[in-house]
Amino acid sequence: MSKQKTDMNTDKVGKMKKTSHQMKEQFVTFIKSLKRKEQTTGLKNKLNQTTEHSSHLRFVNRVTTAMSGIVIVGLSIGLLYMAQPIVTAETFEGTMEDSINAAFAYKGNNINIKNSTLSYHIPRQFQYKWSIGVNDILKYKDNEVIMNYNPQYNAVDMNNETYNLLRDENKAAGNEVFYKNFEIDGQSGFVQLVQLPEKYLLMVLVDGTKLSAIIDYQEAPYLTYNMLVLGRTAIADEAGVAKELRVEENEQKQGESPTQARAVEVNTSDQEEGNPSNQETENNFSQTSSTLITNEDQEAPVAGDSSQSSVEEGSSESKEQLIQFDFSSEKRNEAENN
Amino acid sequence: MKEITTMEQYHEVVNHENVIILFTANWCPDCMVIKPFMPKVEEKFSNYEFYTINRDQLMDLCIELDIFGIPSFVAFKNGQEIGRYVNKERKTREQIEGFIESLA
């Protein structure tokens, strides 16, 4: 009986232990599930937060992308606009016309004096370079373009025949892109652009002052304006002499072409060296105007051998003065300083 | 037309029998105008050797030779200058040919 009781007690204890163990397990499982739930909830919260944050980031990202897009598109448009030639074949003629009209509308008083003999307006962007023995030149944009400035045509005819002669000579060198002759405010001349194999030749002739430059197509309207302003404001103080020469030349060599007349003018001035007033004028010219006297000295060889020797002898004094004048270090320094 | 680029070359060339040197520059508009017909002038006066000098490269020589303007021509024979056509004006083909003919 007692053994039976003992067995029953043992069973009870065993059952209780089992139950207790099961309960423990259940409790542990419950706790674990609770923890897992908690973790899940925490993760869910974190995930929600991250989602919110990322959506905010996404919005910022979109805005930034949009802004970058706008900037890139804007820059591209700007660059494309800048890369586009301002002067095109379609707009060229109109732009040139505008330049010519603007040059004649110029009323500036910024007059420069060259060597006390010639007054003219030089646009600020140009540098006048003393001739240093060779042609009068104007430099522009750090020597990129050199404009040849030659007032010698003051001493030849200013008429359509001369203009056509020069025009045809230029045309023969390439393909004429633009030509316009004008007579505005009593000043006559022409603007011509000729396409050469490599670059373009721009020539502006206004009231006998010839300006020319080897340039790019784009530069033509801009330089036309500046060359016209310079040409039309050039006033030679020795105009009286030039005029006198012109009259003599016209009287003596009627019917000759302007090119021939240039050579004749030389002989005329040399023949009259015996005249004191003329000699004085000539000497003044040699001191003050290198261009004209150089032409007179050097044109003679064209006329023939005999005239060559006489002209060279006759003009040696003025030539020497010219050489000293042009090549002096003072003038060269002056040129470099300019 | 061959180009003279050094003084040594110049001294060597001018000693040839018939030499004509054209003084020029890349920026010179009038030089560009005469450029197209110069080969024909060379052809016509084939008894002369034609050379060019860029005045910007040999400025000292230009000063020495009194090259007042460009385009300009100076003719030499056996080291002696026999003629020059030097001024600031543009030269026509007729003027250039006239100058060369006057050398004979």
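Each chain gets a letter, A, B and so on, in the order its sequence line appears, and its residues count up from 1.
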Checklist line | Where Pro29(B) and Ala213(A) come nearest, the two heavy atoms and their spacing | finding: CG-N, 3.6 Å
Check: What is the distance from atom CE of Met203(A) to atom CZ of Arg90(B), rounded to the nearest 0.5 Å?
Finding: 4.0 Å
Check: What is the distance from atom CD1 of Ile214(A) to atom CG of Asp30(B), rounded to the nearest 0.5 Å?
Finding: 8.5 Å
Next item on the list: Give a yes or no on whether Glu101(B) atom CD has more than 12 heavy-atom contacts from other residues, nucleotides or ligands under 6.0 Å away.
Entry: yes
Notebook entry, point to check: Taking all non-hydrogen atoms of both residues, which atom of Asn170(A) and which atom of Val33(B) are closest, and how far apart?
Noted result: OD1-CG2, 3.5 Å
Check: For the atom pair CE (Met32(B)) and CG (Leu201(A)), what is the distance rounded to the nearest 0.5 Å?
Finding: 9.5 Å
